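For reference, the structure is listed below as structure tokens.
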Amino acid sequence: MPPAPPAGDTRHLFHPDHLDDFLATMRLGLDHLADALRAQAKQTGPATGVLPEQAAKVVADVDLDRPLGDTGAALAEMSRVWLDDAVWFHDPSYVAHLNCPVVVPALLAELFVSAVNSSLDTFDQSVGGTFVERHLVDWTAGRIGFGATADGVFTSGGTQSNLQGLHLARDAALAAGHPATHLRVLASADGHFSVQKAAKLLGLSPDAVVTVAVDEDHRMDPVALGRALAGVRADGLVPMAVVATAGTTDFGAVDPLPAVAALAEAHGAWLHVDAAYGGGLLASARLRPRLAGIERADSVTVDYHKTWFQPVSSSALLVRDSRHLGHVTWHADYLNPKDAAHPNQVDKSLQTTRRFDALKLWLTLRVMGPDAIGDYVEDVVDLATAVGERLAEHAELELAATPQLSTVVFRYRPAGLSEDTADLLAGRIRSTLYERGTAMVAATKVGGRCWLKLTLLNPMASLDDVLAVTDAVAALGRELTAEVAA
Ligand SMILES: *Cc1c(COP(=O)(O)O)cnc(C)c1O
């Protein structure tokens with residue numbers, strides 16, 4: 001008899017033979033996570049304020065060729081290299097980017113997503129998972145107001161969803177016989193940079209994205225859009241797509257979708273609605289009317305990992321007409337041969353092996369229901385409105401615009417302070433808030449000037465919590481003015 005192969009150490013595999021090891025490891029991990037959360041609750045802000053060079057050093061010191069061989073020791077080391085200084089999005093003084101605290105049903109689903117490791121490309125790698133994803137796609141499409149011909153697919157994020165939406169638009173334009181060099185994409189000046197990136201990746205000409213002016217509320221100006229569309233055509237070029245944003249990253253502005261849709265239709269342009277941020281309004285009966293017209297889009301981006309309180313990654317691209325998704329289909333003999341009858345999702349996706357992210361949203365909806373998500377969205381929108389009202393009356397803080405979704409753009413600028421000093425102060429205030437571990441706010445530019453931005457996505461944050469941050473901004477403004485002026 002040939003000798004048996006060496007046993008090797010299979011203890012680390014997720015396997016029924018090692019169920020006790022698995023449970024012990026997971027309990028250790030859960031305790032470690034709970035301890036970290038408890039420790040965080042005792043700290044004063046969302047992060048410790050570690051600087052990049054310090055963070056880089058502790059990581060670089062780890063020798064990856066010398067394993068610790070012990071989960072407890074590895075967890076302790078993991079805390080040193082990352083977790084101890086991590087930024088916690090549930091902390092009410094974390095008000096920087098579009099990051100949300102996550103709902104626990106989704107977190108629970110993550111465990112199953114990774115442990116079972118289903119891959120959503122084909123039925124034989126995911127079985128029911130294929131239909132869970134399809135059911136959620138159909139459900140979201142229904143909320144958008146698409147009809148029975150709609151379809152879609154989960155993606156890694158809004159960037160990928162936007163890329164795929166524009167990819168479909170490009171291929172529709174190419175199929176109509178237009179040369180790639182003639183294709184133009186119209187998006188508002190406040191649209192997301194991933195639109196520019198997608199145009200570049202799709203091989204369009206460097207000036208393919210035509211920027212459309214916004215009105216005083218930072219929404220795409222339909223008159224300017226009409227002019228831009230006519231201008232593109234007068235130049236002998238082709239308006240391949242109009243990208244409307246439903247919730248701009250800075251001001252939460254929702255472009256006037258019915259007017260934009262009418263113009264896109266009139267000029268034969270594909271309408272892509274980037275609702276990466278505003279997509280959460282679909283869950284709120286009160287706020288849903290703000291998205292009226294979204295059902296006229298050809299494709300829509302929704303980021304569940306923003307306003308649906310899902311862990312990263314969770315996003316989808318939805319299309320009004322399922323036939324368009326065929327533009328990304330490529331037949332591989334071993335996976336989705338042309339004659340195969342088995343359902344698959346790989347035909348609709350830019351990815352092949354793909355996480356079962358849909359399960360997170362599924363468990364969220366089955367435990368909490370969509371209304372609970374809608375309530376969260378309403379809470380953060382109402383909070384931003386309340387903060388905006390306070391800042392509008394503030395003697396030292398200046399509000400850039402009335403909040404529309406859950407962002408607040410403002411700066412420290414008491415009477416008499418120059419624009420240049422206000423610019424310098426914005427950056428200094430932001431970095432000082434981080435370094436002191438007080439709060440985390442974002443920065444942006446408005447009309448070439450530096451402003452601060454609060455992005456509110458924490459349904460548990462109170463008005464007082466957020467006013468504590470704006471008070472800290474004002475106090476730092478006073479403290480740092482002399483320093484900056486010197
Ligand atoms: C966040 C965002 C994106 C990009 O989405 P990711 O999930 O970060 O890739 C695109 N568009 C808008 C309007 C966004 O707010």
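Ligands are counted one by one from 1 in listed order, and the atoms in each one are counted from 1 as well. This one's a predicted model, so the numbers in the text were calculated from it and none came from an experiment.
Judged as a salt bridge (Lys or Arg N to Asp or Glu O under 4.0 Å), the pairs with a partner in residues 357-371 (not counting sequence neighbours) are, in order, E110-K360, R355-D357, D357-K360. Within the structure, every pair that satisfies the salt bridge (Lys or Arg N to Asp or Glu O under 4.0 Å) test and touches residues 198-216, not counting sequence neighbours, is listed here: R184-D207, D215-R219.
The closest donor-acceptor contact from the side chain of R411 to the backbone of R449 lies at 3.5 Å or more, if one exists at all. At least one donor-acceptor pair under 3.5 Å links the side chain of S119 to the backbone N or O of R354.
Near G157, meaning under 4.0 Å from any of its heavy atoms, are these atoms of ligand 1: 7 (O), 9 (O). Within ligand 1, the atoms closer than 4.0 Å to a non-hydrogen atom of H305 are 7 (O), numbered from 1 in the order shown. Residue A276 has at least one heavy-atom neighbour below 4.0 Å for each of these atoms of ligand 1: 2 (C), 3 (C), 10 (C), 11 (N), 12 (C), 14 (C). Under a 4.0 Å criterion applied to the non-hydrogen atoms of G247, ligand 1 contributes the atoms 13 (C).
R428 has no carboxylate O lying under 4.0 Å from a charged side-chain N of D423, or vice versa, which leaves the two without a salt bridge.
Looking at L98, T159, D303, D274 and measuring to atom 9 (O) of ligand 1, the nearest heavy atom belongs to T159.
Remark: the S79 side chain and the H32 side chain contain an N/O donor-acceptor pair separated by less than 3.5 Å.
Counting only heavy atoms of the protein, atom 6 (P) of ligand 1 lies nearest to G158 N, 3.3 Å. Nearest to atom 14 (C) of ligand 1 among the protein's heavy atoms is K306 NZ, 2.9 Å. The protein heavy-atom contact nearest to atom 4 (C) of ligand 1 is H192 CE1, 3.4 Å.
The residue from T249, D250, T407, T444 that alone fulfils the side-chain hydrogen bond (donor to acceptor under 3.5 Å, both in side chains) condition with K453 is D250.
Of all the heavy atoms of Q160, none lies under 4.0 Å from any atom of ligand 1, so neither backbone nor side chain is involved. With a 4.0 Å heavy-atom cut-off, ligand 1 is reached by the side chain of N162 but not by its N, CA, C or O.
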